[in-house]
Asks: 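The structure's right below; bear with me while I get my questions together.
The basis for the numbers below is simple: all heavy atoms, side chains too, and nothing from hydrogens, waters or symmetry mates.
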Amino acid sequence: MAAEASYHRTCYRDYVRPEKKQESKKESTRKNAKEYSSIEQKAHNLLFDYIRNEMFQNPQVTLMTEITTKFVEYMNELGVDKVTQQSRRYLPKKLEHEFGDSIRIFPDVNGKLIVIPDNLCIEELVHC
């Protein structure tokens, strides 16, 4: 009986075509989050190297916004177009965790966060 049946061309084509595996949105989101996290870690490492090589070698007072901008640049270079607000917000904590007492982060008189390497002497700070 089935041999006598006729099919529409498109119906038959869809019937015999192998099914494509579609990732669920949840799996896709998890995969993207994993990739983002990996890139974020690489950007943190690049930023930490920059701080070690630039800020500790040439001690000076630096605004946290400058460090955040550098971090965003590294993220962009590694392929992330949009850096999450959470990544930016927790950057000072990441720096404190990585460098401990070697770096000081606190607000200035205007409320902007400033970053000072511990090897910057007080005489140099007074002249800023």
Side-chain angles (χ1 to χ4, degrees):
M1 214 167 173
E4 298 172 8
S6 62
Y7 300 98
H8 296 105
R9 281 187 173 162
T10 55
C11 293
Y12 183 74
R13 185 190 66 219
D14 291 343
Y15 174 73
V16 296
R17 182 181 295 164
E19 285 186 38
K20 294 180 182 177
K21 256 191 172 177
Q22 294 182 355
E23 286 186 44
S24 70
K25 285 185 180 182
K26 209 179 231 184
E27 289 172 351
S28 177
T29 303
R30 267 191 235 130
K31 183 179 175 186
N32 290 341
K34 244 183 190 179
E35 288 176 18
Y36 183 89
S37 180
S38 173
I39 290 171
E40 184 181 35
Q41 185 60 46
K42 289 176 186 175
H44 282 137
N45 290 335
L46 289 170
L47 182 66
F48 298 157
D49 289 342
Y50 169 79
I51 290 171
R52 283 185 192 97
N53 295 328
E54 294 298 321
M55 288 182 63
F56 288 129
Q57 299 301 321
N58 307 310
Q60 62 184 353
V61 175
T62 308
L63 290 173
M64 189 67 195
T65 54
E66 293 175 28
I67 293 173
T68 303
T69 301
K70 195 72 171 165
F71 172 71
V72 170
E73 286 175 11
Y74 288 137
M75 290 288 283
N76 291 339
E77 288 173 9
L78 293 170
V80 173
D81 294 331
K82 187 175 180 186
V83 179
T84 65
Q85 190 62 35
Q86 183 177 358
S87 295
R88 296 169 194 248
R89 185 180 310 131
Y90 291 112
L91 192 55
K93 291 208 181 288
K94 294 277 188 181
L95 295 177
E96 288 174 343
H97 182 264
E98 177 71 18
F99 295 105
D101 292 337
S102 300
I103 201 166
R104 298 182 188 264
I105 303 171
F106 55 89
D108 65 2
V109 293
N110 298 323
K112 293 184 178 182
L113 288 179
I114 57 174
V115 181
I116 301 174
D118 201 33
N119 64 343
L120 183 62
C121 67
I122 293 175
E123 291 82 17
E124 291 179 41
L125 278 173
V126 173
H127 295 290
C128 290

Asks: Side-chain contact test, heavy atoms from C-beta onward, threshold under 4.5 Å: evaluate it for Tyr36 versus Lys82 and give yes or no.
Replies: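 The answer is no, as the side chains (C-beta and beyond) never meet within the 4.5 Å cut-off.
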Asks: Can you find a heavy atom in the side chain of Ile51 that is under 4.5 Å from one in the side chain of Glu98?
Replies: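 No, too far: nothing below the 4.5 Å cut-off.
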Asks: In Å, rounded to the nearest 0.5 Å, how long is the span from CE of Met75 to NE2 of His44?
Replies: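 Here the rounded value is 7.5 Å.
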Asks: Does Lys42 NZ have over 12 foreign heavy atoms under 6.0 Å away?
Replies: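 Incorrect, the count does not exceed 12.
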Asks: Short question: side chain of Ser37, backbone of Ala33 - any donor-acceptor pair under 3.5 Å?
Replies: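 Looks like no, no N/O pair under 3.5 Å.
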Asks: Can you confirm whether Met64 sits close enough to Leu91 that some side-chain heavy atom of one is under 4.5 Å from a side-chain heavy atom of the other?
Replies: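 Yes, their side chains come closer than 4.5 Å.
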Asks: Looking at CD of Glu77 and CD1 of Ile39, how far apart are the two atoms once the value is rounded to the nearest 0.5 Å?
Replies: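 Reported to 0.5 Å precision, the distance equals 12.0 Å.
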Asks: So, do Leu47 and Leu95 sit near enough that their side-chain heavy atoms are less than 4.5 Å apart?
Replies: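 Result yes, sub-4.5 Å side-chain heavy-atom pair found.
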Asks: If you take all heavy atoms of Pro92 and Leu113, which pair is closest and at what distance?
Replies: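 Result for this residue pair: CG-CD1, 4.0 Å.
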Asks: Hydrophobic clustering (ILVMFWY, side-chain heavy atoms < 4.5 Å, transitive) - are Leu63 and Tyr90 grouped together?
Replies: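 Result: no, two separate clusters.
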Asks: Please lay out, stage by stage, how Glu40 and Val80 fare under the test side chain to side chain contact (heavy atoms under 4.5 Å, CB included).
Replies: CA-CA 9 Å; Glu40 184 181 35; Val80 173; over 6 Å; no
Asks: List, one per line, each side-chain donor-acceptor pair under 3.5 Å for residues 100-110, sequence neighbours excluded.
Replies:
unit_1	atom_1	unit_2	atom_2	d
Ser102	OG	Phe99	O	3.3
Arg104	NE	Asp118	OD1	3.4
Asp108	OD1	Asn110	N	3.0
Asp108	OD1	Gly111	N	3.0
Asp108	OD1	Lys112	N	2.9

Asks: Angle between ring planes, Tyr50 versus Tyr74, binned at 30° and 60°: parallel, tilted or perpendicular?
Replies: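 Judged by the thresholds at 30° and 60°, the geometry between Tyr50 and Tyr74 is perpendicular.
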